[in-house]
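Reviewing the structure listed below.
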Amino acid sequence: MSGTDLSAIESELIAEITAAADLAGIEQVRISALGRKGRVPELMGRLGKMPADERKSFGAAVNQLRDRVTTALETRKGALEGEAMAQRLASERADVTLPVRSGPVAEGRIHPISQVFDEIAEIFADMGFAIAEGPDIETDDLNFTKLNIPPEHPARQMHDTFYLKSPERIARGEAPMLLRTHTSPVQVRTMLSQKPPIRIIVPGRVYRMDSDATHTPMFHQIEGLVIDETTHFGHMKWCLEEFCKAFFEVDEVKMRFRASHFPFTEPSAEVDVGAEAIGKPGKWLEILGCGMVHPKVIEMCGLDPEKYQGWAFGMGLDRIAMLKYGIPDLRDMFNADLRWLRHYGFTSLDVPTLAGGMGGMGG
Ligand code: PHE
């Protein structure tokens, strides 16, 4: 009954296979021919209803048909895959002789603040200092009181503090939270949580209500703190002098320690550097405040001032970045202007090292 029937089906399927234009098309033909509800399984399904003598020869014929269709499908698929690959090779051809595109590593720039911090960290790490950090939102107690600046102290006004709205704290009779006005609260945090000897530097953002060409409401400081049983003012002078020489990459640097006053240090000094280090002979530039940590501060931080002493400094990071790299206006540092960053920024491969130099290619 089915001889002609089968060969017609076979030539139909073979025609469909030949006509399939791409891999998706050939897959469709495969499903319609061999898939679960396809034509070949349908033919097989007829076997059950056939008389036994017909069943044998019809089954064998369908098996042969299926083998030939399968072979035809694979052959066509192989050919189509070859075509697809040839097409991709032609369209995705890469000209390996073209010059390399610059890409994100070469395009991106390190901000001078980050660069200068990396330089400073490198110098102080070499002298055995670790890096510590603290939060920007600080308590009145850590920003002022434990630094020997009690509530009625005039220094509080000089700090032009940003206070946060803290109705719950005020209802409880507590002082409001504030944006830290200096990195010195991290001195306190460190003394409260670590045992001497302590040798840390602390980079961070600080906030004061102030804005002109040399002041922005947010700026950066780097704090230093050394606490042990014997360290003294001479050690501090030496460390700061070594720092300046390494940072400005000069053999000799003129430094001037002027007596000053901070509630948390005694004695206190402000330090100027001779600006010949940056090519302005005869001028002095103030870069930091420093002093011996006040015994009261040591005591309020839970250490015995009879046993421990130490020194601290606070340096304007933006300030010395401007000095070293000749950046005229502080406000430009925070404007996120790409042209400015391309000019004053550093490439990511220009990592400062003591051996290789501090900030050679940028600036
Ligand atoms: N915290 C001081 C300031 O912001 C600087 C300073 C730090 C002075 C540590 C002495 C010791 O002006």
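FYI, the numbering just counts along the sequence from 1. As the structure lists them, so they are numbered: ligands from 1, and atoms in each ligand from 1.
The side chain of F264, and not its backbone, has at least one atom closer than 4.0 Å to an atom of ligand 1 (non-hydrogen atoms only; side chain from C-beta on). By the criterion of a heavy-atom distance under 4.0 Å, the side chain of R208, and not its backbone, is placed next to ligand 1.
Every N/O-N/O distance between T265 and ligand 1 stays at or above 3.5 Å.
Those atoms of ligand 1 with a heavy atom of C290 less than 4.0 angstrom away are 8 (C), 10 (C), 11 (C). Every atom of ligand 1 is numbered from 1 in the order shown, and the set under 4.0 Å from a heavy atom of Q187 is 9 (C). Taking a cut-off of under 4.0 Å to the non-hydrogen atoms of G314, the atoms of ligand 1 that pass are 5 (C), 6 (C), 7 (C), 9 (C). Near Q221, meaning under 4.0 Å from any of its heavy atoms, are these atoms of ligand 1: 3 (C), 4 (O). Short contacts between ligand 1 and S184, defined as distances under 4.0 Å to a heavy atom of the residue, involve ligand atoms 1 (N), 7 (C).
Scanning for ring pair (Phe, Tyr, Trp, His ring centres under 6.0 Å) contacts around H215 gives an empty result, with sequence neighbours left out.
By the neighbour-count criterion of 12 heavy atoms within 6.0 Å, atom CG of D251 is sparsely surrounded, having that number or fewer from other residues, nucleotides or ligands. At most 12 heavy atoms of other shown residues, nucleotides or ligands fall within 6.0 angstrom of atom CD in Q28.
Aromatic ring orientation, F334 versus H220: tilted (interplanar angle from 30° to 60°).
Between E122 and E119, the closest side-chain pair of non-hydrogen atoms is not below 4.5 Å.
Identified under the salt bridge (Lys or Arg N to Asp or Glu O under 4.0 Å) test for residues 64-77, with sequence neighbours left out: E10-R68.
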